[in-house]
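Below is one structure; the comments refer to it alone.
Every chain is numbered from 1 and lettered A, B, ... according to where its sequence line falls, protein lines coming before strand lines. Atom set for the values below is all heavy atoms of this structure, side chains included, hydrogens, waters and symmetry mates excluded.
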Amino acid sequence: MSTMRSLSFDAIIIGGGGAGLRAALELAKSGKKTAVLSKVFPTRSHTVSAQGGITCAIASADPDDDWRWHMYDTVKGGDYIADQDASEYMCSEGPKAVFELEHMGLPFSRFDNGRIYQRPFGGQSKDFGKGGQAARTCAAADRTGHALLHTLYQNNLKNNTTFLNEWYAVDLVKNADGDVVGCIAMDIETGEVVHVKSKATVMATGGAGRIFASTTNALINTGDGIGMALRAGFPMQDMEMWQFHPTGIYGAGTLVTEGCRGEGGYLVNKDGERFMERYAPNAKDLAGRDVVARSMVMEILEGRGCGEKGDHVFLKLDHLGEDVLGKRLPGIVELSKTFAHVDPAKEPIPVVPTCHYMMGGIPTNVHGQAIMQDADGNDQIVGGLFACGEAACVSVHGANRLGGNSLLDLVVFGRAAGMFIEGALNEGIEYLEASESDVQSAMKRITRWNESEDGETVPELKRDLQDIMQTSFGVFREEKNMQEGVKRLEELRERIANAYLPDKSHTFNTARVEALELDNLMEVAEATAIAALERKESRGAHSRYDYPDRDDVNWLKHSLYFPAEKRLGKRDVNFAPKTVDMFEPKVRTY
Amino acid sequence: MSKLQVSLYRYNPETDSAPYMQEFQVDTQGRDLMVLDVLHLAKEQDNGLAFRRSCREGVCGSDGMNMNGKNGLACITPLSEVVKGNKLTLRPLPGLPVIRDLVVDMGLFYQQYERIQPYLQNDEPAPAIERLQSPEERDKLDGLYECILCACCSTACPSFWWNPEKFVGPAGLLQSYRFLADSRDTATRERLTDLEDPFSVFRCRGIMNCVAVCPKGLNPTRAIGKIREMLLADAT
Amino acid sequence: MVTNITNLGRSGLSDWLLQRVSAVVLALYTLFIVGFLLLSPGLDYAAWSGLFSATWMRIFSLLAFISLAAHAWVGLWTVTTDYLKSTGVRLAVQLIIILAIFVFLVWGITVLWGA
């Protein structure tokens with residue numbers, strides 16, 4: 001394969017969602033030779049689906065708002081395994097990043113005084129939980145992600161960023177020292193496979209919700225960056241932590257924003273009871289997402305679910321009136337009519353907790369540098385590899401992400417990674433060139449698919465994988481069931497290793513892309529399963545029948561999954577913010 | 001129960017000398033599926049079938065296509081809305097070169113979008129906080145910023161079919177007006193100057209196919225009318 | 001910006017405006033002629049030529065002719081740029097159109113003022 005074409009960049013950003021585009025913007029402005037490599041046209045990325053808003057203490061709704069309160073909420077929301085230095089960085093830098101977005105043209109909704117509109121979201125408080133509900137989520141109606149992604153894409157156009165659109169990154173290329181020096185990528189339109197060399201490779205590949213059968217995630221959310229990093233041998237952090245969003249539309253899985261409850265909507269069971277008053281007497285429907293999702297499942301399990309099968313609950317919005325719905329939640333009205341055949345101005349929306357967000361990912365520091373552990377368990381920077389957005393685990397979300405914090409994470413850490421890489425490039429980065437055999441080993445996987453002659457095909461294997469994850473690693477987890485799941489995944493890995501790609505054509509071969517995605521889903525699923533089985537406690541989104549309590553003695557830690565040995569280790573949580581006192585772990589109630 | 005008759009436009013440049021229509025029988029089990037679900041079922045029968053899709057909820061704009069003669073998004077179009085006589089015919093968006101099957105080359109469409117400088121321009125130094133904008137000023141952007149660049153409108157527009165290199169098309173013009181209407185944008189004069197030739201805006205004949213097909217219910221024709229008004233006000 | 005040849009005016013805006021203004025003139029002229037015919041049941045040559053010997057009618061008619069010429073040119077130019085993709089053919093057709101419009105216009109003027 002010495003005939004393979006190669007491209008060279010200072011930095012390559014894999015993924016054209018919010019995090020990737022924000023990082024790219026920073027680098028494009030600095031004049032570095034940068035490219036964004038995205039498997040879809042950037043505005044088709046999953047950031048576009050974010051609805052409710054971007055949470056940030058810009059002190060618009062409340063002039064006295066304080067980023068420290070936001071930090072407190074974030075750390076508490078994450079059930080105390082969010083890194084406090086990273087949370088401090090995100091919450092304090094946040095306003096700058098949000099104002100930048102506004103200056104770039106993001107069409108935020110407004111208050112009468114002309115400032116950015118902010119709405120209440122779950123888990124938000126004033127005065128470190130003592131001042132009642134805060135309204136801290138900056139919104140562009142209920143299309144904030146769409147507005148944000150388009151604004152970032154537009155500003156990348158303005159700054160002449162190079163785009164490799166509809167290119168698919170296959171695997172990372174490592175040199176003899178173990179540094180990441182680029183990747184193998186495929187131009188989907190022509191099928192050409194290219195060696196992309198770069199001094200900095202940024203994983204902004206987003207989440208992997210498609211490991212579950214029922215998810216709010218786009219069909220493209222297949223954990224490509226996580227898969228690549230795991231195959232390259234790098235550890236993953238907190239992969240057991242998957243957020244189930246309380247309000248996915250029953251049957252369809254499409255998201256209904258938490259902003260609905262922020263604007264005054266609430267959940268009811270089949271008796272019409274506002275049941276969250278029992279589970280979270282203070283915050284009620286605006287408790288943390290993990291708390292609300294669990295409460296809903298409890299209602300359903302105890303026979304108070306709605307519908308013929310009693311397997312969902314209702315989100316009631318009709319009391320808000322058509323004006324508020326039309327002005328603040330127009331997209332939700334549209335989605336409800338399309339996917340639930342319900343007009344929320346008249347009837348409640350049937351909803352059910354649905355897989356939504358991956359809190360775990362590639363462990364990084366606040367500069368986006370990927371981290372691994374040396375033999376003594378000390379953090380070590382991975383040369384050349386960066387991550388930001390959902391693919392990264394900085395970690396600001398800990399065991400449960402707060403609503404509106406994902407968009408903030410994207411822009412703050414996309415920006416931070418961009419700034420850091422710019423500085424590093426200015427100082428000069430030199431890594432060993434990848435050898436022919438380094439490149440070949442990154443080609444192994446695509447070559448296997450291309451040479452496959454017989455076996456099971458991708459759609460059935462993907463269905464099995466999603467079924468295993470849905471059955472064994474859902475909202476509530478339990479040892480035996482998970483052991484069974486891990487065993488079934490092992491068998492599935494064997495089957496996928498022998499699977500077959502019937503269509504070997506080159507031009508826009510989506511079957512090949514889906515085959516490559518399946519490998520990544522497999523990596524993510526296994527990391528999730530093993531981490532979930534090993535973390536023997538309940539914390540945030542990870543909730544076990546057999547270990548119902550939080551165990552701060554043994555598990556006030558990040559989990560770290562090592563792919564080579566399929567082993568789960570631990571990593572210390574950061575409790576040392578720079579400018580504020582750290583928040584002590586406390587019992588988490590809403 | 002009889003299966004749904006699906007007729008799909010097929011073309012793979014590596015193996016086909018010309019495009020053709022292929023018939024599929026898809027078992028919907030009597031459910032009112034979305035057209036995208038039907039495509040997934042067809043793809044299980046023929047793995048080589050190519051189409052774009054991403055969010056599957058009508059916000060990313062990937063799966064614009066021509067369904068029984070009308071452009072729209074496959075993921076939010078239920079069969080009950082388009083199927084007539086148990087038959088569904090799916091073709092790629094008209095007017096753009098086909099890469100493979102239902103996948104078209106969107107290059108010209110994106111070029112026209114880029115041409116209108118789709119980003120906020122403001123030559124005054126930014127304040128330390130956000131730029132203020134009244135709710136009334138912000139309301140002017142409603143019906144404009146929601147565009148998802150699916151290309152359903154532009155590829156339904158005869159004026160765009162005939163002059164895709166010169167006529168900006170409904171999608172691009174809607175975005176052009178989105179920035180012309182933004183109280184924070186200061187490049188109004190430059191934007192208008194770029195649009196006053198006989199093609200960019202004035203090739204619009206008010207056919208209104210764009211309005212008829214927009215899956216987000218937006219009205220590019222109205223936006224084009226507003227641009228004309230601004231050009232007129234600027235010139236007289 | 002598209003820097004194509006513009007046709008009559010300096011910009012798409014003036015073409016667009018011209019098209020609408022000329023349409024209004026033509027509409028008024030048509031209404032007037034139709035109305036005149038309807039209100040003059042026993043119309044003879046004397047009445048008809050009397051109408052056209054009035055200066056205001058000649059000016060009105062000339063305005064209508066010029067409007068017709070402009071309207072036709074803008075419209076046909078647009079049609080040719082839509083449908084004729086070969087530059088040579090398009091140019092030839094446009095020249096024929098220009099010639100025809102010119103001939104009709106001059107002919108119209110001689111009919112009006114020549115008598």
Legend entry - Which atom of B:Phe160 lies closest to which atom of B:Val168, heavy atoms considered: CE1-O, 4.0 Å
Inset, instruction - For chain C, find which of B:Val201, B:Leu232, B:Ile116 contributes the most heavy-atom pairs closer than 4.5 angstrom. - result: B:Leu232
Legend entry - Residue-level contacts of residues 90-114 of chain B with chain C, using a heavy-atom cutoff under 4.5 Å: none
Legend entry - Segment of B:Arg191 engaging chain C (4.5 angstrom heavy-atom cut-off): neither
Inset, instruction - May I ask you to test the C:Leu62-C:Leu112 pair for a side-chain heavy-atom distance under 4.5 Å? - result: yes
Legend entry - Any donor-acceptor N or O pair under 3.5 Å, side chains B:Asn71, B:Thr155: yes
Inset, instruction - Using a cut-off of 6.0 Å, state whether more than 12 heavy atoms not belonging to C:Phe102 lie near its atom CZ. - result: no
Check residues 26-35 of chain C and write down every donor-acceptor pair under 3.5 Å in which the side-chain atom is one partner and the other belongs to a residue at least two apart or another chain.
residue: C:Tyr29; atom: OH; partner: C:Ser61; partner atom: OG; Å: 2.8
residue: C:Thr30; atom: OG1; partner: C:Leu26; partner atom: O; Å: 2.6

Legend entry - B:Leu195 versus B:Ile227, closest heavy-atom pair with distance: CD1-CG2, 4.0 Å
Legend entry - Carboxylate-amine/guanidinium proximity below 4.0 Å for C:Asp82 and B:Arg203: yes
